Amino acid sequence: MPVQPTIRVQKDDFDALAESKSLTEGRQDVGAVVTFTGLCRDEAGTLSALELEHYPGMAEAELSRIATEAVARWPLTGLSVIHRYGKIKPGENIVLVVASSAHRRAAFEAADFLMDFLKTRAPFWKKEHPVSGRASVWVEAKAADDTDAARWKNT
Amino acid sequence: MPVQPTIRVQKDDFDALAESKSLTEGRQDVGAVVTFTGLCRDEAGTLSALELEHYPGMAEAELSRIATEAVARWPLTGLSVIHRYGKIKPGENIVLVVASSAHRRAAFEAADFLMDFLKTRAPFWKKEHPVSGRASVWVEAKAADDTDAARWKNT
Amino acid sequence: MIIRYFAWVRERVGTDEETIELPETVQTVADLIGHLKTLDANHAAAFAEEDAIRVAVDQLHVETDAKIGSAREIAFFPPMTGG
Amino acid sequence: MIIRYFAWVRERVGTDEETIELPETVQTVADLIGHLKTLDANHAAAFAEEDAIRVAVDQLHVETDAKIGSAREIAFFPPMTGG
């Protein structure tokens with residue numbers, strides 16, 4: 001039977017190691033753990049904070065649907081997805097995916113798949129608040145994200 | 001200029017979070033961190049411990065060569081590889097790869113690439129010590145590992 | 001019918017949620033968009049770039065040809081940018 | 001010439017390292033394997049399955065047709081199983 005994924009949508013930061021440990025501690029059937037952490041980036045030094053808006057209810061539901069597809073598709077021993085909302089400063093965490101499996105290929109592919117679909121399907125929107133007094137702007141979706149998600153259709 | 005990878009071959013366990021933090025703390029140019037942790041697996045409950053033998057000097061050198069190729073190939077902001085040797089019990093860590101980048105695709109691919117080449121090129125050998133009094137046996141290399149490594153030739 | 005708006009669609013409409021009586025002619029999401037555009041200038045502006053808007057019916061992604069049926073909640077928002 | 005052995009190659013040879021005088025006829029790694037096999041039964045057993053053995057010259061992977069040249073250290077071992 002596929003594992004039950006852990007899904008959390010929260011304002012607070014997460015602890016990647018604790019989430020990873022909860023998928024491995026006390027068991028001996030896990031050979032590979034892949035964690036993906038997405039962080040708030042600001043190479044130009046012009047960003048005060050990102051504001052993450054989400055659709056409460058649907059955000060959790062959609063992440064669950066993506067995670068359920070991943071555990072059906074790969075032989076995972078565990079899968080956790082945590083996405084933050086609210087104001088997030090440069091250098092802070094935004095999203096965490098942890099996938100564990102007996103074998104590394106499944107763990108890598110599941111985490112990669114999860115992020116591609118999360119980007120295109122999970123109802124979150126980023127608004128950039130600049131450091132100067134200028135107006136904040138909504139981040140535009142990237143065509144590359146759709147291309148990334150489409151990779152999984154032929155595999 | 002490509003980043004300088006961190007390579008360590010050690011008997012002691014590692015702290016995945018500390019290694020990950022050292023690639024992100026105090027900077028704002030990292031958008032994605034992928035960590036891969038390989039653990040000692042024992043689904044059948046017949047394993048007392050793995051013994052990891054390595055070729056001192058060449059192990060570090062070969063990991064450095066693989067890591068140098070990865071940082072030349074992907075726009076990484078950081079790359080760390082830690083491989084343990086000695087006796088490792090079921091459930092314990094064996095290997096850690098942490099790849100960070102502005103974008104998730106580079107971090108995923110570099111970590112995946114690193115593990116594929118580490119498996120086929122880094123001079124480490126696993127011996128299984130069974131729980132019963134039976135003789136210990138050397139783990140055999142898998143053809144799948146060569147196939148995995150060959151994936152990167154056409155990309 | 002509860003209509004919810006997110007991100008810049010919410011900002012242009014000027015509210016995050018409203019309850020609207022639907023005329024019987026509104027059968028699909030596309031019909032609903034057509035109806036919403038007639039409500040006022042804010043709605044018209046929000047839906048001016050129809051191609052840039054995504055829809056969820058009862059928290060499930062759908063295309064604009066989807067039937068509304070007995071849905072309780074329909075949400076409009078731009079392409080997602082989480083992760 | 002320092003010759004090093006790892007994993008089951010080491011166990012079959014019975015030592016992890018030895019220093020060997022090479023005859024002038026030994027020019028390549030393949031020549032060296034041929035020579036080592038003549039030393040005693042342990043070496044012969046270790047190199048019986050030649051295809052299963054990998055080689056490093058001065059800590060770099062090579063094929064068996066590689067020239068030995070002025071190498072300081074040659075290592076023999078099974079396919080790697082780390083990670």
Side-chain angles (χ1 to χ4, degrees), chain B residues 7 9-10 36-41 50-66 81-86 88 93-97 111-128 135-146 148-149, chain D residues 1-20 22 28-30 32-33 36 41-83:
Chain B
I7 306 292
V9 175
Q10 63 188 42
F36 174 87
T37 310
L39 299 99
C40 176
R41 204 159 45 91
L50 277 182
E51 190 167 348
L52 262 288
E53 179 170 335
H54 76 299
Y55 184 166
M58 180 171 171
E60 292 85 347
E62 192 64 26
L63 290 176
S64 289
R65 286 189 280 267
I66 301 166
V81 185
I82 303 178
H83 203 301
R84 294 180 65 195
Y85 62 85
I88 294 175
N93 292 324
I94 298 174
V95 61
L96 176 71
V97 172
D112 196 4
F113 168 92
L114 221 298
M115 280 308 302
D116 281 351
F117 279 84
L118 181 154
K119 282 259 176 190
T120 53
R121 299 189 58 88
F124 291 87
W125 301 272
K126 291 193 186 103
K127 191 173 200 175
E128 293 179 346
S136 52
V137 286
W138 291 100
V139 172
E140 289 211 42
K142 292 193 202 80
D145 288 333
D146 288 326
D148 284 344
Chain D
M1 173 70 60
I2 297 168
I3 315 285
R4 303 182 70 169
Y5 305 103
F6 293 94
W8 58 253
V9 181
R10 171 178 57 70
E11 290 180 340
R12 290 189 195 174
V13 172
T15 185
D16 60 353
E17 187 176 321
E18 58 189 343
T19 302
I20 285 179
L22 299 191
T28 66
V29 169
L32 175 58
I33 292 174
L36 292 170
N42 285 354
H43 285 81
F47 287 97
E49 299 168 67
E50 260 183 60
D51 287 354
I53 292 185
R54 300 287 176 271
V55 195
V57 171
D58 286 344
Q59 307 195 352
L60 275 168
H61 291 295
V62 297
E63 301 295 325
T64 52
D65 60 0
K67 294 251 186 260
I68 290 174
S70 57
R72 285 158 304 152
E73 172 178 313
I74 298 186
F76 295 97
F77 41 78
M80 287 134 285
T81 56

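As the structure is a computational prediction, the values presented were derived from the model and not from experiment. Letters A, B, ... are given to chains in the order of the sequence lines, protein chains preceding strands, and every chain is numbered from 1.
Taking every heavy atom of both residues into account, B:M58 and D:A56 meet most closely at SD-CB, 3.5 Å. Scanning both residues, B:H54 and D:F6, for their nearest heavy atoms gives O-CE2, 3.5 Å. Here the shortest heavy-atom pairing between D:Q59 and B:E62 reads O-OE1, 4.4 Å.
Contact of B:K126 with chain D is made through backbone and side chain together, with heavy-atom distances under 4.5 Å. For D:R4, the part sitting under 4.5 Å from any heavy atom of chain B is the side chain, from C-beta outward, and nothing else. Residue contact with chain D, scored on non-hydrogen atoms closer than 4.5 Å, involves the backbone and the side chain of B:R121 alike.
By number of non-hydrogen pairs under 4.5 angstrom with chain D, the leading residue of B:R65, B:M115, B:K127, B:K142 is B:R65. For the options B:A59, B:A122, B:A61, heavy-atom pairs under 4.5 Å to chain D are most numerous at B:A122.
Checked by atom type and distance alone, the side chain of B:H83 pairs as donor or acceptor with a backbone atom of D:G83 at under 3.5 Å. No side-chain donor-acceptor contact under 3.5 Å links D:T81 to the backbone of B:E140. B:W138 contributes no side-chain N or O that, together with a main-chain N or O of D:A7, makes up a donor-acceptor pair within less than 3.5 Å.
Rounding to the nearest 0.5 Å places NE2 of D:H61 at 8.0 Å from OG1 of B:T120.
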